[in-house]
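First the structure, in the form of structure tokens, and then the observations on it.
To find a chain, count down the sequence lines: A is the first, B the second, and so on, and within it residues start at 1.
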2 protein chains.
Amino acid sequence: MDKKKKLLVIDDDPDILKVLRANLELYGYTAVTADSWTKARAILDDQVPDLIILDLTLPDGDGLEICRLIKEENHRVPVIMLTARDSISDKVTGLESGADDYIVKPFETLELIARIKACLRRSVPVDKALTINGLEIDMKAHQVTLNGKNVELTPKEFELLSLFASNRGEVITREFIRKKIWGDAKLYSWSRAIDVHLQHLRQKIEENPSEPEFIITVAGVGYKFRE
Amino acid sequence: MDKKKKLLVIDDDPDILKVLRANLELYGYTAVTADSWTKARAILDDQVPDLIILDLTLPDGDGLEICRLIKEENHRVPVIMLTARDSISDKVTGLESGADDYIVKPFETLELIARIKACLRRSVPVDKALTINGLEIDMKAHQVTLNGKNVELTPKEFELLSLFASNRGEVITREFIRKKIWGDAKLYSWSRAIDVHLQHLRQKIEENPSEPEFIITVAGVGYKFRE
DNA sequence: AATGAGTGTAAAGATTATGTAAACTTTCTC
DNA sequence: GAGAAAGTTTACATAATCTTTACACTCATT
């Protein structure tokens with residue numbers, strides 16, 4: 001029912017990376033791996049995963065600090081912290097680092113999978129239907145209606161609208177959109193594709209597309225969805 | 001207008017029982033509670049609730065086992081499992097115990113209510129026949145009629161149709177179909193088998209297969225059955 | 001007023017997903 | 001084991017969607 005979730009695993013032990021990748025893919029996730037904070041950062045520059053699994057001890061950075069950085073830059077991405085048995089500090093167990101969950105090495109794969117599932121589920125409301133000013137977005141049915149009338153959206157348009165709807169009131173940069181929706185897919189930096197899809201979307205959901213009510217342009221920065 | 005739904009809550013923590021009862025009644029449900037499997041059993045002997053909320057750890061029985069028993073005796077009663085944070089096993093998250101949903105303690109009341117709602121809405125009694133717009137699907141007899149005329153479906157076609165019927169209005173991805181109907185059986189990721197069966201199904205149940213009325217294509221995502 | 005950066009917009013071209021028939025393979029039935 | 005039924009793959013057509021391109025417009029800045 002759901003789309004394949006993309007997970008980023010950051011750990012410096014190549015064996016763990018290998019095992020995790022194999023298992024995650026077995027359970028229907030897409031796995032991206034990095035063996036250092038530097039590499040992870042490069043990946044995060046390009047795409048936003050649905051969940052991050054982060055080892056507490058990396059060669060080039062402190063896990064807690066990294067976790068905080070991730071949380072700052074990619075607001076809502078859930079993080080599961082991997083820790084060695086003897087380094088469980090209060091900070092980690094109390095989840096004060098901002099991590100959403102933690103798991104102690106050595107761990108059972110099933111246990112990790114279970115936590116991943118729970119974590120991903122927690123971040124998404126069950127009743128995924130949202131109504132703003134006559135615009136109803138039903139994630140489950142993949143359907144959008146405006147004042148009761150059905151609005152036909154293409155996949156990209158729907159993704160865009162969902163992204164805006166789940167970040168209401170916040171300004172979304174084109175860069176963020178690119179990371180979220182296109183991810184690692186090729187899209188030249190000078191491409192106007194995002195703008196074009198946005199126009200199409202406006203034409204479909206705005207009463208008067210040249211004076212948009214839902215998706216507002218924030219000059220020089222990006223767009224935002226009305227509060 | 002629906003009748004008041006009756007829920008059975010089974011948990012050995014009196015505080016949780018109290019809170020749940022209060023909240024459920026606040027949201028218009030009738031709550032029956034039991035603090036042990038023995039008492040729950042006595043209640044179940046007497047009445048069949050519309051939904052059961054079951055704690056994973058009870059003094060007199062294993063939650064998973066109990067869940068299985070419930071499912072055997074009162075087939076179609078949906079069960080929501082309550083689990084402690086550190087006892088989420090893969091069995092529960094994978095819902096392999098037969099539970100229809102699960103929620104991790106401590107939980108938000110709203111979250112639980114939402115899941116109850118979703119669960120009740122989703123549960124279509126399998127032993128009953130379902131009729132939508134002239135299309136009658138008799139799950140038990142494995143028979144489908146369209147405006148009274150018998151429709152001959154192959155096993156795969158029937159499975160497909162059932163899957164759609166029991167998830168009305170929701171988008172079903174090909175991936176989900178593959179998991180549900182083919183399971184671990186081999187089916188290459190690039191296979192068009194699902195599409196082909198779907199076309200056959202459409203040719204049999206749709207008035208005009210090129211403008212389907214029942215099974216609607218959701219571009220880029222999958223298909224959905226009409227509401 | 002000219003410049004240039006950022007954005008709006010239409011239309012053309014490129015690409016991809018889906019529809020569909022038909023060939024081929026497997027499984028079932030007798 | 002032959003024939004029939006069901007399932008799967010293949011191949012291609014077509015429709016849907018995405019991306020690029022080109023140009024217009026706005027609005028600071030010089």
Taking OP1 and OP2 of C:dG19, is either one under 4.0 Å from a side-chain nitrogen or oxygen of B:Q203?
->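 Result: no.
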
Return no unless some side-chain N or O of B:W182 is found under 4.0 Å from OP1 or OP2 of D:dT8.
->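 For D:dT8, OP1/OP2 do have a side-chain N/O of B:W182 under 4.0 Å.
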
Protein-nucleotides 27-30 of chain C N/O pairs closer than 3.5 Å?
none

If you look at every heavy atom in A:I52 and A:P49, which pair is closest and at what distance?
->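 Looking at all heavy atoms of both residues, the closest pair is CG1-CG, 3.8 Å.
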
Could you pull out the closest heavy-atom pair between A:L130 and A:A165, with the gap in Å?
->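 It is CD2-CB, 3.6 Å.
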
Of all residues at least two apart in sequence or in a different chain, which pass the side chain to side chain donor-acceptor pair (under 3.5 Å) check with [X]?
{"X": "A:D45", "answer": "none"}
{"X": "A:D62", "answer": "none"}
{"X": "A:Q47", "answer": "A:K6"}
{"X": "B:S189", "answer": "none"}

Taking DNA chain D as the partner, which of residues 149-164 of chain B come within under 4.0 angstrom of it by heavy atom?
->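 Nucleic-acid contacts, sorted: B:T154, B:P155, B:K156.
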
For DNA chain D, what residues of residues 204-227 of chain A have any heavy atom nearer than 4.0 Å?
->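 Nucleic-acid contacts, sorted: none.
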
Across the strands shown, which category fits A:W190 at heavy-atom distances under 4.0 angstrom: base, sugar-phosphate, nothing?
->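 Nothing: the residue A:W190, judged by heavy atoms under 4.0 Å, touches no strand.
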
Can you list, pair by pair, the side-chain donor-acceptor contacts under 3.5 Å of residues 13-22 of chain A, counting residues two or more places apart and other chains?
from, atom 1, to, atom 2, distance (Å)
A:D13, OD1, A:D15, N, 2.8
A:D13, OD1, A:I16, N, 3.4
A:R21, NH1, A:E25, OE2, 3.3
A:R21, NH1, A:A31, O, 3.4
A:R21, NH2, A:T33, OG1, 3.3

N/O donor-acceptor pairs under 3.5 Å from side chains in residues 218-227 of chain B, not counting sequence neighbours:
from, atom 1, to, atom 2, distance (Å)
B:Y223, OH, B:R174, NH2, 3.0
B:K224, NZ, A:A141, O, 3.1

Rounded to the nearest angstrom, tell me the gap between atom CZ in A:R174 and atom P in D:dT19.
->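 Atom CZ in A:R174 sits about 15 Å away from atom P in D:dT19.
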
Please list, by residue number, the residues of residues 192-200 of chain A whose heavy atoms come closer than 4.0 Å to an atom of DNA chain C; answer none if no residue qualifies.
->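 Result for residues 192-200 of chain A: A:R192, A:V196, A:Q199, sorted by number.
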
In terms of side-chain geometry, is the basic nitrogen of A:R76 or A:E170 positioned less than 4.0 Å from the acidic oxygen of its partner?
->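 Yes, charged N to carboxylate O under 4.0 Å.
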
Pair B:R202 + B:D195, salt bridge at N-O below 4.0 Å |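 A salt bridge is absent here (no side-chain N lies under 4.0 Å from a carboxylate O).
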
Distances under 3.5 Å only, N/O to N/O: pair up the protein atoms with those of nucleotides 26-28 of chain D.
none

Who pairs with A:D35 by salt bridge (Lys or Arg N to Asp or Glu O under 4.0 Å), at least two apart in sequence or on another chain?
->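 Residues passing salt bridge (Lys or Arg N to Asp or Glu O under 4.0 Å) with A:D35: A:K39.
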
